[in-house]
Protein chains: 2
Amino acid sequence: MTQNSPSGIQVIDRAAALLDAIARYPDPVSLKILAAETGLNVSTAHRILASLIHNRFVEKDSAGHYRLGLRLLQLGVRLHGNVDVRAIARPIMEDLRDRFGETVNLTIREGDAVVYIEKATPNRMIHVQQLIGSRAPLHVTAVGKLMLGAAGEAAIRAYAERTNLPAYTRNSITDLPRLIAACAQSLALGYALDDEEAEMDVGCIGVLVYDGTGNVSAGLSVSAPILRRRAEWIEDLMEAGKRLSLDLGYRPHPGPSAT
Amino acid sequence: MTQNSPSGIQVIDRAAALLDAIARYPDPVSLKILAAETGLNVSTAHRILASLIHNRFVEKDSAGHYRLGLRLLQLGVRLHGNVDVRAIARPIMEDLRDRFGETVNLTIREGDAVVYIEKATPNRMIHVQQLIGSRAPLHVTAVGKLMLGAAGEAAIRAYAERTNLPAYTRNSITDLPRLIAACAQSLALGYALDDEEAEMDVGCIGVLVYDGTGNVSAGLSVSAPILRRRAEWIEDLMEAGKRLSLDLGYRPHPGPSAT
DNA sequence: GAATGATTTTCGTATTATGAAAACATGTCT
DNA sequence: AGACATGTTTTCATAATACGAAAATCATTC
């Protein structure tokens, strides 16, 4: 069913579909299944997979089943721009995680969603798990609302238009005026809450991270079971956000030049 | 000059070459450069890049320059098999890092090299940096020598045949009998040293990690400036290696069945 | 040991990617 | 400003390329 719109080059679309299909399974997958899953002819799938193997995007185990290859890891960790943020954020995130004993996430905006690009999880039995690379709509996350707020009212309207503000829980904001107000208020306060808006039982606190050019470059957030979340964290989190922004070259006041 | 041998599908080879080219640059790159770098016609490069963008393997920034896309991260972190090891190893590695105050690496074997798949770096100004996804030949690394030892003498001979045991520093072992002896001894001791064999000034201690089926699944190592390396770490490291193996389902004695 | 089911290879064909060149941006210099 | 230079994007006729049906090979089951 993964019928993506064509992009100009058939093989690349097909190769991408195959990679996705492989990624969907927790264990190595057979050619048969992959061909069925992607709707490709087996011989075509086989040929493309052979090429992907040659390029180390895919590996074949001893049983002849396919799994993702190390090249993806190699390339994945080199994401430009983000690689810096991730590396710099890591220690700060670990510090927060130890302080709160909860999951700390780093996210960036991509289109109408936030994408999780790094996380620090505590050593507790129960904690919020966010898969790196997974996505969530802007209007149901703390960081997302801040990003919307920073983008301005017109952008929020456009976003609402495009997405129709679907509800994820009964707490999700699905009403444009309320969303605009919430985003503006969050931005003004410097932090945002997510009160079980994306998932029941989970609450977040988020802040924005700015880069050297003064643009929003990422979001930093804590996710915890709602009953364990503490308002005291807000201060620490805002502090960490500022710290991280400074580390990325952000200058608080648009200082009057000098080289 | 990155002239890879053809794999059966031209476009995929070319797309891979483009991704590599992008990854080589720390900042977003222009089409011109990418075309030159890969030897592709600009219009071809442009078309392939457009397709890669459509599939989110590549992004274009506001200046029209290309950088790697988030899909790579998404897929990269889902590497099957390794994902478990990485996740389980993370806390153990962080513990070791805090204990030693040095970089701790997790590696797996791929062909004739070890690949770094996870690391924990200390908060010190000077520490050993290993890029995730980067590679090093087996015979100049601690973990690599253990893996060779575990593979047996015949495999070491074959490895030597294939690679010719190139020297990386004046301490590298480039002589087959010595390598065989070193590997066997390391395996017997349960740990291996790398005394500035891969890079001057850097010393490592490595141990192996076994999975549930009793196979070598990864290697765990500390890398430090040679002057700071301590023999006392060996014990802790071996301990951690055993712990991690157990966590992965390894059973010390090949217990006599029972389901 | 035949039969079933999956993987791999082959090969003629038409679809698909190709790249030269032309249009379009963008920035630079006088 | 205007015109040049440089880089990007689109077009389009062409042939090289990827395609997939079917045959051959391999593995597994009954």
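The sequence lines fix the lettering, A, B, ..., with proteins before strands; numbering per chain opens at 1. For clarity, every value in this text was computed on a predicted model and none was experimentally measured.
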Visitor: Let me know, please, whether A/Arg14 or A/His65 comes out on the 5' side of the other along DNA chain C by nearest nucleotide.
Guide: A/His65
Visitor: Of all the choices, C/dG19, C/dT8, C/dA17, which nucleotide is nearest to the side chain of B/Val11 once you look at every atom?
Guide: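 Nucleotide nearest to B/Val11's side chain: C/dA17.
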Visitor: Taking only Lys NZ, Arg NE, NH1 and NH2, and the carboxylate oxygens of Asp or Glu, determine whether B/Asp20 and B/Arg24 approach each other closer than 4.0 Å.
Guide: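 A salt bridge is absent here (no side-chain N lies under 4.0 Å from a carboxylate O).
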Visitor: Could you tell me how far apart B/Leu49 (CG) and C/dA17 (P) are, to the nearest whole angstrom?
Guide: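 Rounded to the whole Å, the gap is 15 Å.
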Visitor: Base of C/dA17, side chain of B/Thr44 - is there a donor-acceptor contact under 3.5 Å?
Guide: no
Visitor: Could you tell me the separation between the OG1 atom of B/Thr163 and the CG atom of B/Leu138, rounded to the nearest 0.5 Å?
Guide: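 One finds 8.5 Å between OG1 of B/Thr163 and CG of B/Leu138.
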Visitor: Quick one: A/Ile33 CD1 to C/dG5 P, roughly how many Å, whole number?
Guide: 15 Å
Visitor: To the nearest angstrom, how far is B/His46 atom NE2 from C/dA17 atom P?
Guide: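 Spelled out: NE2 on B/His46 to P on C/dA17 is 16 Å.
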Visitor: From the options C/dA6, C/dT18, C/dT8, select the nucleotide whose nearest atom is closest to the side chain of A/Lys32.
Guide: C/dA6
Visitor: Output the rounded distance in Å from CD1 (B/Ile9) to C1' (C/dT18).
Guide: 16 Å
Visitor: For B/Arg56, I'd like to know if atom CZ has over 12 heavy atoms of other residues, nucleotides or ligands within 6.0 Å.
Guide: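 Atom CZ in B/Arg56 is crowded, with more than 12 foreign heavy atoms closer than 6.0 Å.
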Visitor: Where the side chain of A/Lys60 is defined as all heavy atoms beyond and including C-beta, which of C/dA20, C/dT8, C/dT18 is the nearest nucleotide?
Guide: C/dT8
Visitor: Output yes when A/Arg157 and A/Glu153 qualify as a salt bridge under the 4.0 Å nitrogen-oxygen rule, no when they do not.
Guide: yes
Visitor: Rounding to a whole Å, what distance do you find between A/Asn41:CG and C/dT13:C1'?
Guide: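 Rounded to whole Å, this separation is 15 Å.
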Visitor: Whole-Å distance between C/dA17 C1' and B/Leu18 CG?
Guide: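 So the CG-C1' distance, B/Leu18 to C/dA17, works out to 14 Å.
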Visitor: Is any side-chain heavy atom of A/Tyr25 less than 4.5 Å from a side-chain heavy atom of A/Ile33?
Guide: yes
Visitor: Any side-chain heavy-atom pair from A/Ile22 and A/Leu49 closer than 4.5 angstrom?
Guide: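 Yes. Closest side-chain heavy atoms under 4.5 Å.
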Visitor: Could you please name the option among C/dA20, C/dT7, C/dT18 that lies closest to any side-chain atom of A/Leu31?
Guide: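 Among the listed nucleotides, the one closest to the side chain of A/Leu31 is C/dT7.
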Visitor: Are the side chains of B/Tyr159 and B/Asp112 in contact, using a 4.5 Å heavy-atom criterion?
Guide: yes
Visitor: Could you tell me how far apart A/Leu34 (CG) and C/dT8 (P) are, to the nearest whole angstrom?
Guide: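 After rounding, the gap between these two atoms is 12 Å.
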Visitor: Whole-Å distance between C/dT16 C1' and B/Ile12 CD1?
Guide: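 Going from CD1 in B/Ile12 over to C1' in C/dT16 covers 14 Å.
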Visitor: First and last nucleotide of DNA chain D in contact with chain A, 5' to 3', at under 4.0 Å to a heavy atom: what are they?
Guide: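 Contacts span D/dA18 to D/dA21, reading 5' to 3'.
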